[in-house]
K.L.:
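Quick one: the structure is below, and I'll ask about it shortly.
Not measured: the values here are computed from a predicted model. As the structure lists them, so they are numbered: ligands from 1, and atoms in each ligand from 1.
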Amino acid sequence: MSDALAALNEKFGIPGALRITTGQGGLACVEVGTEACTGRIYFQGAHVTHWQPAGGRPVIWLSRQSWFEAGKPIRGGVPVCWPWFGTGPNGDRQPPHGFARLMSWELEATRRGDGGKVALVMVLRSNEETRRHWPHDFELRLRATFGRELILKLETTNTGRTPFTIGEALHTYLAVEDIERTQVKGLEGMNYIDRLDANRTKRQEGAVTFTAETDRIYLAEGEAQVEEGRRKIRVGKQGSATTVVWNPWIQKAKAMPDFGDEEWPGMVCVETCNVPPREVEVGPGTVQQMRAAVSVEERGA
Ligand code: BG6
């Protein structure tokens with residue numbers, strides 16, 4: 001183990017529950033393993049790539065073809081998209097989904113809770129590199145709790161003197177058995193922006209089902225449930241005014257080099273977010289929070 005990893009383990013490791021180690025592609029990550037679950041989060045992007053409650057199947061999907069390279073986004077898991085979503089409100093921002101997912105964050109704290117829970121905090125602070133993309137001063141924290149539930153809280157602090165506006169997403173990739181037999185509930189009657197139909201606003205009738213590429217921004221503040229196979233995955237949220245639902249289907253999957261051609265039936269993204277037209281302003285000295293809670297029920301159990 002390198003000296004740097006040894007020092008991090010000395011400071012933050014929790015025997016029998018959490019260790020800092022080298023993950024795929026030689027990138028550093030935090031690994032959690034308790035009686036409640038296993039989990040993994042990379043320093044690059046504060047990117048959760050794995051969460052599996054004990055006795056269950058993995059809930060978070062990760063592409064077998066993902067890059068694991070410094071400065072390249074990981075495909076799957078929970079990318080933190082910040083401070084803009086996609087190419088931003090006017091379609092002119094780069095890199096796509098912001099820079100936070102491409103940067104190395106710092107581990108700030110770890111803690112063991114009851115019932116096999118492990119909580120940790122990662123932080124990204126504005127620096128020369130972030131200012132090249134975006135001229136604001138900030139601290140961005142991801143507070144993650146791995147347990148029978150996966151709780152992710154994204155906390156934006158404006159440490160500057162002027163307000164700024166952010167788009168943000170906890171871009172959660174969920175593992176499903178078969179997208180064509182998957183339904184997303186909780187969005188019935190909501191308006192959504194169809195990103196694949198000239199951003200037209202439409203109304204959701206009944207549960208969301210999948211028969212083609214799907215890329216929608218729901219104006220929805222509440223929980224969504226993904227029903228797949230015998231499992232129901234709940235994505236609860238707070239401080240989030242939009243929910244993105246995405247599956248690339250056949251052609252788009254083929255066009256993405258870091259996404260296996262045959263992998264699209266096994267995933268769906270249900271993203272807890274504040275994205276255009278619902279970006280949020282953060283005033284100087286204030287803290288903005290968005291929270292997602294993922295949990296699983298085996299149906300008919
Ligand atoms: C989704 C967007 O959130 O992320 C899609 O709605 C996009 O339009 C997808 O294709 C993946 O984005 P990326 O940048 O990780 O390839």
Side-chain angles (χ1 to χ4, degrees), residues 42 44-49 60-103 133 152 154 166-176 179 182 184 187 190-202 204 208 210 212-220 224 226 235 237 240-261 263-279 290 292 294:
Y42 280 76
Q44 173 164 303
H47 198 132
V48 172
T49 57
I60 301 295
W61 181 88
L62 178 66
S63 171
R64 287 186 295 276
Q65 262 177 240
S66 175
W67 314 114
F68 279 91
E69 265 179 50
K72 284 199 176 181
I74 294 169
R75 174 67 65 197
V78 189
V80 174
C81 306
W82 192 96
W84 55 83
F85 180 81
T87 48
N90 305 315
D92 55 0
R93 300 262 179 90
Q94 286 295 328
H97 285 335
F99 51 80
R101 66 174 173 169
L102 305 176
M103 295 202 170
H133 295 287
L152 299 173
L154 189 63
I166 55 165
E168 56 180 348
L170 291 162
H171 188 311
T172 311
Y173 285 77
L174 299 169
V176 299
I179 189 69
T182 295
V184 180
L187 300 170
M190 306 274 171
N191 283 342
Y192 66 89
I193 295 162
D194 191 342
R195 292 183 24 106
L196 301 173
D197 187 9
N199 287 330
R200 286 199 172 81
T201 300
K202 302 180 179 175
Q204 179 63 42
V208 185
F210 300 86
E213 185 182 351
T214 303
D215 193 352
R216 301 175 180 175
I217 300 169
Y218 285 86
L219 306 178
V226 178
V235 184
K237 59 179 195 158
S240 155
T242 50
T243 299
V244 168
V245 176
W246 179 62
N247 180 286
W249 221 251
I250 302 165
Q251 295 311 324
K252 180 146 186 180
K254 280 197 177 143
M256 291 187 285
D258 59 340
F259 197 115
D261 290 359
E263 288 184 317
W264 60 272
M267 55 69 67
V268 65
C269 288
V270 176
E271 308 171 28
T272 295
C273 49
N274 287 306
V275 304
R278 297 279 156 85
E279 290 194 308
M290 180 174 78
V294 186

K.L.:
Is the H133 to F99 ring centre distance short of 6.0 Å?
P.N.:
yes
K.L.:
Test of understanding: with side chain to side chain contact (heavy atoms under 4.5 Å, CB included), list the residues that count as partners of T87, not counting sequence neighbours.
P.N.:
Q94
K.L.:
Over all heavy atoms of both residues, which pair between P276 and G88 is shortest? Give the atoms and the distance, please.
P.N.:
CG-C, 4.5 Å
K.L.:
I'd like the contact residues of ligand 1, where contact means a heavy atom below 4.0 Å.
P.N.:
R75, F85, H97, R101, H171, R195, D215, V244, W246, K252, E271
K.L.:
With sequence neighbours excluded, give me every side-chain hydrogen bond (donor to acceptor under 3.5 Å, both in side chains) pair touching residues 68-86.
P.N.:
R75-Y173, R75-D258, W82-T156
K.L.:
Find out whether Y218 and N191 are in side-chain contact, i.e. whether some heavy atom of one side chain is under 4.5 Å from a heavy atom of the other.
P.N.:
no
K.L.:
Quick one: list whatever passes side chain to side chain contact (heavy atoms under 4.5 Å, CB included) with E271, sequence neighbours left out.
P.N.:
F85, A169, H171, V244, W246, C269, C273
